[in-house]
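Single-structure report; data block below.
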Amino acid sequence: MADAFACVQEIRGAAVVCWSLPQLLLCTVQPFPRRTPAGGLRGPARGPQWPAEVTALQRSGRWAAAIALLLAACSSPGGAPNTIAPQEVRSQLPIPPVAETIRDDGRTVVALRAAPGRTDFGQEGGPADTIGLNGSYLGPTIRLRNGDDIRAEVTNALDEMTTLHWHGLHVPAKSDGGPHSMIEPGDTWRPTWTVNQAAGTLWYHSHPHGQTAQQVYRGLAGMLLIDDPEAPDVGLPDQYGVDDIPVIVQDKSFTPDGQLVVDPEPAGGPSTGFLGDTIVTNGKIGTYLPVTTEAVRMRLLNASNARVYNFGFSDDRAFDIVASDGGLLPQPVTSQRVQLSPGERAEIVVRLDPGETVSLNSTPPTLGTGDDARYSPGTFDVLQLRAADTLAGSPPLARTLSTLPAADPASATTTRTFRVQGRAINGRPMQMARIDFAVPVGTPEVWEVTNQDRQPHNFHVHNVQFRVLSRGGQPPDPAFAGLKDTVYVPPLSTVRLLVEFTQYTDRNWPYMFHCHLLLHEDIGVMGQFVVVKPGETAGRPPHSDHPA
């Protein structure tokens, strides 16, 4: 019975109780007990009193579809095996080019153009129809320096609306690139900001409401690196493309003629969204990296729609985790595995001997669902590392990487609670016209995020690097005790975060909080908030007439 689970959802006063066991699904509808005037409970006076919605569904013949939807909310994992097919290693890892910039009126300007293209991933059947930024698929690596004034120029050459969100950046709300910053076909969006944060590995991706999953999957994403010229040298490899390597990991599926299977919510698949059968690293299948130095810094980005990876190496060698989402950890953390949910990043440093070959791989992650293999099963290779016969020397890592202060929950004046369940947060699906709350600028808060489902969720907050105080009542693993903007929230558990928004205020233009499993944010597991000056209240969102 280890695979069995039960869930309860409510349709206007009736409990839809679903039991799932191996090869068996049983759902019944039971009226909730009625509450007496004194507050006690009693059962229904007569037999089952089905709500009108339930009766209508039964009569219409759509009952099975309704149960499937309820099971998704109750975390039914679906029946697909979701395994990764073995891949022949045959292509050198492509390194995304660094985006060209110019100086204009004291600002660093980076230009991006979203457009359709054709991409050869190395799949059978020929090139696939894709979309990309300054190329056919994905985008260039944007490198910005702390302290620089920035202007981006994002042109939409697609035949559909898009946006571009700077995931992990501290920016004004109007420059954040969330679903309100819509770029219509033929238009150019010109956000500005000043870089004011630590060096780190961030990324950028499209974020239109209801279309994020399919646009990111088709190619609208790229890596964004913050450099800090004032930071001390701590021995990190820093030659981009040589010993400092971007590793953008995604899973795809292809049709026999080589086209991408674009199905964010596959029928019969898991309620977390699309899981592919093929690993694509930096836009290529079956890749290897020629290694010419003793140490290699790998900037790992989980850019998949729903799959969680448990990264390590095929020989289980130890490596050093040196940074999380928002920058360097206080000290290197030696480990054999680092688990990343969609949107999370980690920088690791691994050392090789001359002439050896080893693979970066993923083993089954620990998700806490009771049936983790249904969501991300098996062990599979992601990238092969091939060391040259002679390797250039690499310095040792410093014992102290950053001077990150300890997270102090006593500094918080407010605690907010977030219940993630089904297709909503705190019982309310995302609405473009609704601002959920206002946060006073410069005021630390504790955010308690609870996953009330039995399926995986994670939690991403725009415009901030928070600190994880606890997960499931326990202190965070040292690898996740640094700066974070995305965190995995295991089923039926709570993660406590220390959050503080600084510098930028706008009572009308919101930032987002949401699950970063891309299907989930598209179907409503998202909300929006504004950062305000002391004494201000929330205003009106800029696109209240946009479809929810």
Side-chain angles (χ1 to χ4, degrees), residues 146-147 165-178 180 191 193-198 200 202 226 324-327 330 402-420 425-428 430-431 434-450 458-471 473 475-476 480-487 489 494-516 526-542:
N146 187 31
H165 167 53
W166 319 108
H167 184 125
L169 265 182
H170 175 54
V171 290
K174 289 182 180 179
S175 298
D176 179 63
H180 290 282
W193 69 91
T194 299
V195 182
N196 182 22
Q197 62 193 97
L202 316 180
I226 302 295
S324 54
D325 297 343
S402 69
T403 55
L404 199 61
D408 180 14
S411 65
T413 59
T414 300
T415 297
R416 300 183 191 273
T417 58
F418 301 82
R419 295 175 290 104
V420 183
I425 298 177
N426 291 340
R428 301 199 295 182
M430 167 67 180
Q431 293 288 340
R434 184 190 70 235
I435 293 176
D436 292 279
F437 56 89
V439 180
V441 67
T443 304
E445 298 187 347
V446 170
W447 288 17
E448 296 182 344
V449 184
T450 300
N458 68 5
F459 197 75
H460 169 54
V461 187
H462 289 208
N463 186 47
V464 73
Q465 293 294 332
F466 52 69
R467 305 292 295 279
V468 180
L469 297 173
S470 64
R471 180 155 47 188
F480 297 97
L483 298 171
K484 295 280 291 172
D485 55 55
T486 308
V487 62
V489 187
T494 297
V495 174
R496 299 179 72 242
L497 312 174
L498 183 63
V499 180
E500 181 179 2
F501 299 92
T502 61
Q503 189 175 1
Y504 302 118
T505 62
D506 192 319
R507 63 188 299 266
N508 296 310
W509 206 289
Y511 298 104
M512 304 291 136
F513 59 92
H514 56 85
C515 179
H516 213 283
M526 180 162 65
Q528 49 190 10
F529 65 98
V530 291
V531 179
V532 298
K533 298 174 183 177
E536 283 189 334
T537 58
R540 181 178 174 84

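Position 1 is the first residue of the sequence, and the numbers go up from there.
The two residues Leu404 and Gly482 have their closest heavy-atom pair at CD2-CA, 3.7 Å. The shortest heavy-atom contact between His516 and Asn458 is N-OD1, 2.6 Å. Of all non-hydrogen atoms in Ala412 and Leu498, the two that sit nearest each other are CB-CD1, 4.2 Å. The shortest heavy-atom contact between Gly442 and Pro444 is O-CD, 3.7 Å. Nearest approach of Val468 to Pro476, heavy atoms of both residues: O-CG, 3.2 Å. The heavy-atom pair separating Leu202 from His167 by the smallest distance is CB-O, 3.3 Å.
A 4.5 Å side-chain heavy-atom check between His462 and His165 finds at least one atom pair inside the cut-off. Within the 4.5 Å cutoff, no side-chain heavy atoms of Val487 are placed close to those of Phe480. Residues Asp436 and Gln528 meet the side-chain proximity criterion, which asks for heavy atoms closer than 4.5 Å. Side-chain contact between Val195 and Asn146 is present, with heavy atoms from C-beta onward closer than 4.5 Å. Inter-residue side-chain proximity for Val464 and Glu500 is flagged as unmet; no heavy-atom pair is nearer than 4.5 Å. Using a 4.5 Å heavy-atom cutoff, the side chains of Leu497 and Leu469 are not in contact. Looking at Val449 and Phe513, their side chains never come closer than 4.5 Å, going by heavy atoms from C-beta outward. At least one side-chain heavy atom of Ile226 sits under 4.5 Å from a side-chain heavy atom of Leu169.
How far OG1 of Thr450 is from CG of Asn426: 9.5 Å, rounded to the nearest 0.5 Å. With rounding to the nearest 0.5 Å, the separation of CE in Met526 from CZ in Arg428 is 14.0 Å.
Each of Val441, Val530, Val532 was checked for a side chain to side chain contact (heavy atoms under 4.5 Å, CB included) with Thr505, and the lone residue meeting it is Val441. Screening Asn463, Asn196, Asp485, Asp176 for a side-chain hydrogen bond (donor to acceptor under 3.5 Å, both in side chains) with His170, the sole residue that qualifies is Asn463.
A search for ring-ring contact (aromatic ring centres under 6.0 Å, His included) contacts involving Tyr511 returns Phe529, not counting sequence neighbours. Annotation: salt bridge (Lys or Arg N to Asp or Glu O under 4.0 Å) contacts of Asp325 (sequence neighbours excluded): Arg345, Lys484. Among residues two or more places apart in sequence or in another chain, the salt bridge (Lys or Arg N to Asp or Glu O under 4.0 Å) test is passed with Glu448 by Arg496. Among residues two or more places apart in sequence or in another chain, the salt bridge (Lys or Arg N to Asp or Glu O under 4.0 Å) test is passed with Asp506 by none. With sequence neighbours left out, Arg416 forms a salt bridge (Lys or Arg N to Asp or Glu O under 4.0 Å) with Glu445.
Under a 3.5 Å cut-off, the side chain of Glu536 and the backbone N or O of Ala438 do not form any donor-acceptor pair.
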Would you check, one step at a time, whether the test side-chain contact (heavy atoms from CB on, under 4.5 Å) holds for Phe459 with Phe418?
CA-CA 10 Å; Phe459 197 75; Phe418 301 82; 4.1 Å; yes
Could you check His180 against Met512 for side-chain contact (heavy atoms from CB on, under 4.5 Å), going step by step and ending with a plain yes or no?
CA-CA 10 Å; His180 290 282; Met512 304 291 136; 3.9 Å; yes
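For residues 458-469, no pair satisfies salt bridge (Lys or Arg N to Asp or Glu O under 4.0 Å), with sequence neighbours left out.
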